[in-house]
Protein chains: 2
Amino acid sequence: MHQPTIIDIARQLGLSKSTVSRALTAHPNVNEKTRQRVLELADKLDYQRNQLAISLLTNQTRTVGIMVPEFISFFFPKVIIGAQEELAKAGYNVVICHSNESYATEVTSAKSLFASRVDGLIVSHTKETRNFDHFRTFTRKGIPVVFFNRVWENEEVSKVVVDDYTGAYQAVEHLIQTGRRRIAHLSGPDTLPNSRSRLNGYLDALKHYDVPVDPSLVISYDLTLEKANIYVNHLLNLPEPPDALFAINDPTAIEALKVVKSRGLRVPDDLAIVGFSDDPISALIEPGLTSVAQPVSEIGQEAARLLLAHLTASADQPAAPTTVTLPTRLVVRGSTGS
Amino acid sequence: MHQPTIIDIARQLGLSKSTVSRALTAHPNVNEKTRQRVLELADKLDYQRNQLAISLLTNQTRTVGIMVPEFISFFFPKVIIGAQEELAKAGYNVVICHSNESYATEVTSAKSLFASRVDGLIVSHTKETRNFDHFRTFTRKGIPVVFFNRVWENEEVSKVVVDDYTGAYQAVEHLIQTGRRRIAHLSGPDTLPNSRSRLNGYLDALKHYDVPVDPSLVISYDLTLEKANIYVNHLLNLPEPPDALFAINDPTAIEALKVVKSRGLRVPDDLAIVGFSDDPISALIEPGLTSVAQPVSEIGQEAARLLLAHLTASADQPAAPTTVTLPTRLVVRGSTGS
DNA sequence: CTGTTAGCGCTTTCAA
DNA sequence: TTGAAAGCGCTAACAG
């Protein structure tokens, strides 16, 4: 099972390996006839270049790592595809790692990506991540890291986020303007910046419309569906239950919808519901789920563009860390209206 | 931005790089004190081993490539996660490629994975793939390739499939037993083996129950939702429209459901619908979609196990190509019953 | 246009 | 227990 190398080709053709290398890499300084002979034999031997050797030598792999906490929901796969398209145009390959929301796995993956010398990193971290040392390993060595969705706060790295605050604000505004007063919020862990931004949007909308904030209607939880189920039931069991729910994301909102239905209540009459991200499922269920849409593919594209900017920047002319904020858009469906 | 190497450590400690290498790789023949000194300095310098160099030398990357045609639907991500879990246990990393159903992309990805010397491959090919030479590059060099879902036919490679035939048979049997006689089938391209198996299950079920086969009710298409929409409308416009539809997959079935509803018809009264794969969405929509469930994670785990068997087999004791067939299970919901 | 040489970072004999 | 040397497959000066 010996894999042919340029030395095999060189020997069989009575050439030096440099010439073979040149012929194979479309180097100008090679006799056209020589190149033909090399190409032919390479084809015949089914020669496949060894990228490991090249990367070791050139000190670049032309590979980018993408780290996400999960990729079962539509969001992360779509971001990845968006990023991959941009990266592919520039000749970069992509290695995808999903941590399954586990900090330990994230650290291991980061180490492994570093060991295989990726040229850059695009990251949305786990909900457990509080220590970012495994990413500092990269930045300290000048390997660019771009965050999206869940971003490394107070750090000089490029980031792509959406306007979570305004998205949340508009969602709650919509609920108020359609007559709701007791609006609950199922929020994510406050380690996640986007979770906090959405909470702030919620609070400010209430404030702006003089709707009193009831702390018992604001619950922060760990984003598991089991907990969502428990908390929605808890809210509905309250002596004064909410008349609306703004959920941190669509899976939570859909879980809420199931709970409401299973209790024989109606959406939106008994509880209006708004989600976040506009998962395609939202349009398929009944009633349709009102949701704050994010430009998902664009997030990936933007992250890739920022990374490429850093990748192509020269050492003496480094690209400055940039934060790109993309707009959200409220999509109104049956879960909040008629 | 110089990355420290074992030579840096060796120099600073007045050792040879061999000793440093031994200390770092937990080799037994190193003085414990020496090891401590090395480990300490490595930590201080933030030394990270260069996997490229190791792979080049050892001729193994401990990396496995997984190639899928898409990963927006729940199926492929879940297979990947299942495979990844198994592979991680054995100390293998995973590189994920999605071809976006493009043959050209698949070929490019395969070349790139080969160039970076993955130790093995797990593949579900695109619907366009008819030429498998890019996979033969691997098998010919003794690099194991395991197919799943969409498999390389008539080839001595390991495969993981589900019992598509029986799944389809039971779906159609269920439709017949609940009183349907004009059962349409939206089938996939006949380049895909599983598509043909499902078609055969459909045909045999009709035959077994003496339901005449009407060729105008069997439509093979390219799996795009736009076409699905057109063909469902076409079927409903027939002078004698079908009273049931067996769809090749859940997205198609859900598209059909939307079409039926948009025409003011009812499911299942006017058209009963069955899908394939039991996408989680199927339980969320109304009516719930009857579907043939596959053991998705197990497909990935099984594929990983087969690959590992090949990976750990010695050259003189190679693992034999094996085909694993996993069972399907009909999940009945509102789209075919009350 | 082609060959020679050095070396990317690491592991692994073979000697000491 | 440690060091010296060879070499994985390749590219890139430098000479010729």
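Heavy-atom basis, side chains included; hydrogens, waters and symmetry copies ignored. Letters go in sequence order (proteins before strands), and every chain restarts at 1.
Remark: the backbone N or O of Glu86(A) is not paired with any side-chain donor or acceptor of Arg305(A) at under 3.5 angstrom. With hydrogens and angles disregarded, no donor-acceptor distance shorter than 3.5 Å links the side chain of Ser99(B) to the backbone of Thr105(B). Panel note: side chain Gln84(A), backbone Leu87(A); no donor-acceptor pair is recorded below 3.5 Å. Looking only at distances, a side-chain donor or acceptor of Glu101(B) sits under 3.5 Å from a matching main-chain atom of Lys127(B).
Separating the CG atom of Leu24(B) from the P atom of dG9(C) is a distance of 15 Å, rounded to the nearest angstrom. Atom P of nucleotide dA4(D) and atom CZ of Arg11(B) are separated by 13 Å, given to the nearest angstrom. Residue Lys17(B) contributes atom NZ, which lies 11 Å from atom P of dA4(D) at whole-angstrom precision. Rounded to a whole Å, the CD1 atom of Ile6(A) is 14 Å from the P atom of dT4(C). When rounded to the nearest whole Å, the span between CD of Gln3(B) and C1' of dC10(C) equals 14 Å. Look at CD on Gln36(A): it is 14 Å from P on dC1(C), rounded to the nearest Å. At whole-Å resolution of the value, CG in Leu15(B) and C1' in dG3(D) are 10 Å apart.
By the 4.5 Å heavy-atom criterion applied to side chains, Val123(B) and Val146(B) are not counted as neighbours. The side-chain heavy atoms of Ile299(B) and Val160(B), taken from C-beta on, include a pair separated by under 4.5 Å.
For DNA chain D, the residues of residues 42-63 of chain B within the heavy-atom distance limit of 4.0 Å (strictly under) are Leu56(B), Leu57(B), sorted by number.
Heavy-atom minimum distance, His310(B) versus Ser158(B): CE1-OG, 2.8 Å.
Using cut-offs of 30° and 60° on the angle between ring planes, the pair Phe132(A) and His125(A) is perpendicular. Relative orientation of the Trp152(A) and Phe135(A) rings is tilted, given thresholds of 30° and 60° on the angle between their planes.
Nucleic acid contact class of Ile7(B) (heavy atoms, under 4.0 Å, all strands): none. Residue-level contact check: Ser21(B) touches the bases, meaning some heavy atom is under 4.0 Å from a base atom.
Ser16(B) has a side-chain polar atom (N or O) that falls below the 4.0 Å cut-off from OP1 or OP2 of dG3(D).
Taking a 6.0 Å sphere around NZ of Lys78(B), one finds it holds 12 or fewer heavy atoms contributed by other residues, nucleotides or ligands. More than 12 heavy-atom neighbours from other residues, nucleotides or ligands sit within 6.0 angstrom of CD on Glu32(A).
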Report each atom pair, protein N/O against N/O of nucleotides 13-15 of chain C, whose distance is under 3.5 angstrom.
residue	atom	partner	partner atom	Å
dT13(C)	O4	Arg22(B)	NH2	3.4

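End-to-end axis angle for the helix from dC1(C)-dG16(D) to dA16(C)-dT1(D), using five pairs per end and rounding to 10°, comes out at 40°.
Judged by closest nucleotide on DNA chain D, Asn29(B) is the one of Arg117(B) and Asn29(B) placed further toward the 5' end.
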